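A quick write-up on the structure given underneath.
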There are 2 protein chains.
Amino acid sequence: MPGEKKHSKKREAILAKIRSMKTHPSAITVYEELRKEIPDLSLGTVYRNLALFREEGKVASVGVVNGQERFDGNTTEHTHFVCTHCGDVMDIDAPLDAHLKEDVASRYGIAVHSHRLTFFGACARCVRS
Amino acid sequence: MPGEKKHSKKREAILAKIRSMKTHPSAITVYEELRKEIPDLSLGTVYRNLALFREEGKVASVGVVNGQERFDGNTTEHTHFVCTHCGDVMDIDAPLDAHLKEDVASRYGIAVHSHRLTFFGACARCVRS
DNA sequence: ATTTATGCAAACGATTTGCAATAGG
DNA sequence: CCTATTGCAAATCGTTTGCATAAAT
């Protein structure tokens with residue numbers, strides 16, 4: 001019957017790779033990393049599976065940095081810092097008020113599904129230079 | 001002497017238009033709106049001036065929504081809501097704790113220049129359908 | 001006169017997509 | 001077998017850029 005999902009080694013490998021990387025990689029970075037282990041892997045497959053994982057909630061989007069979408073295998077809500085000098089993305093421990101989401105939803109009559117808090121600036125390394 | 005900025009009617013018009021729009025428009029939307037008043041205006045000029053305004057801090061980027069960067073003529077720090085159904089962007093009154101930025105900066109040894117808080121979900125209109 | 005701003009079209013780069021071939025169940 | 005997945009390459013689409021011309025000072 002149509003619509004069923006099949007098992008795929010490459011799909012598994014892509015998800016595992018994203019989850020193992022703490023750099024919040026772009027599709028191209030995931031592709032380049034994986035190619036070391038799986039020489040026959042195409043960029044299209046990485047894009048297709050990242051889109052799938054995003055829909056399934058298995059990965060989160062950190063947003064677009066320097067024209068490239070960056071992904072996060074950690075889907076728990078947390079904050080990010082983006083270095084506008086080198087493009088590095090790091091996790092930040094700075095949770096939003098737990099009630100803010102519901103508060104905003106009820107005040108504006110909207111349905112809030114997620115939020116994204118990002119700080120921008122210069123990372124420790126770039127600050128020194 | 002080189003490096004000086006010259007006055008330009010089109011540049012003025014682009015900035016005025018962005019400031020008058022509350023829809024957080026993309027470059028293309030600004031272009032289409034302005035073309036009604038200024039038939040000889042090129043998209044490249046809109047892109048060039050938006051980039052300039054962003055560098056000068058005269059406009060802010062709301063981030064990329066459905067592949068298009070969205071801009072905001074209101075550069076005071078505030079929160080946004082993005083409807084993932086229709087792509088609408090609206091302002092939200094939900095300020096971050098004033099100390100959070102400095103707090104994060106000192107805790108991580110980074111320089112924080114700005115931040116962006118965005119909620120995602122379905123707007124009032126899309127919630128109904 | 002000198003330098004910046006613009007229009008136009010070509011170039012670019014990330015992402016998406018069509019299709020024939022391959023792998024999963 | 002039958003359907004989903006992949007590789008490949010071409011197509012898309014937002015954005016950037018080079019260059020000759022126009023506008024600003």
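Below, chains carry the letters A, B, ... as their sequence lines are ordered, and counting in each starts from 1. Remember, it's a predicted structure, so these values are computed and weren't measured experimentally.
Scanning residues 24-46 of chain A for heavy-atom distances under 4.0 Å to DNA chain D yields A:Asp40, A:Leu41, A:Ser42, A:Thr45. The stretch residues 57-67 of chain B comes close to DNA chain D through B:Gly67, each having a heavy atom under 4.0 Å from the strand.
Taking both residues in full, the closest heavy atoms of A:Gly121 and B:His113 are given as CA-ND1, 3.4 Å, listed atom of the first, atom of the second, then distance. Nearest heavy-atom pair across A:Cys83 and A:Cys126 is SG-SG, 3.7 Å.
Note: CZ (B:Phe71) to P (D:dG14) measures 13 Å, nearest angstrom. Between the CZ atom of A:Arg11 and the P atom of D:dG7 there is a distance of 12 Å, given to the nearest Å. Atom NZ of A:Lys10 is separated from atom P of C:dA21 by 17 Å (rounded to the nearest Å). At whole-Å resolution of the value, CG in B:Leu15 and C1' in C:dA5 are 16 Å apart. As rounded to whole Å, 15 Å separates atom C1' of D:dC13 from atom CD of B:Glu69.
Considering only heavy atoms from C-beta on, A:Glu12 stays 4.5 Å or farther from A:Lys17 through its side chain. For the pair B:Phe71/B:Thr29, no side-chain contact is recorded, criterion being any heavy-atom separation below 4.5 Å from C-beta on.
Remark: the B:His78 side chain and the B:Asp93 side chain contain no N/O donor-acceptor pair separated by less than 3.5 Å. No hydrogens or angles considered: a donor-acceptor pair under 3.5 Å links the side chains of B:His24 and B:Asp91.
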Contact state string [nucleotides 18-25 of chain D, B base, S sugar-phosphate only, - no protein heavy atom under 4.0 Å]: B-----BS
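A salt bridge is absent between A:Arg116 and A:Glu77: the closest approach of a Lys/Arg side-chain nitrogen to an acidic carboxylate oxygen does not fall below 4.0 angstrom.
Contact annotation: B:Tyr47 reaches the phosphate of D:dT15 (side-chain N/O to OP1 or OP2, under 4.0 Å).
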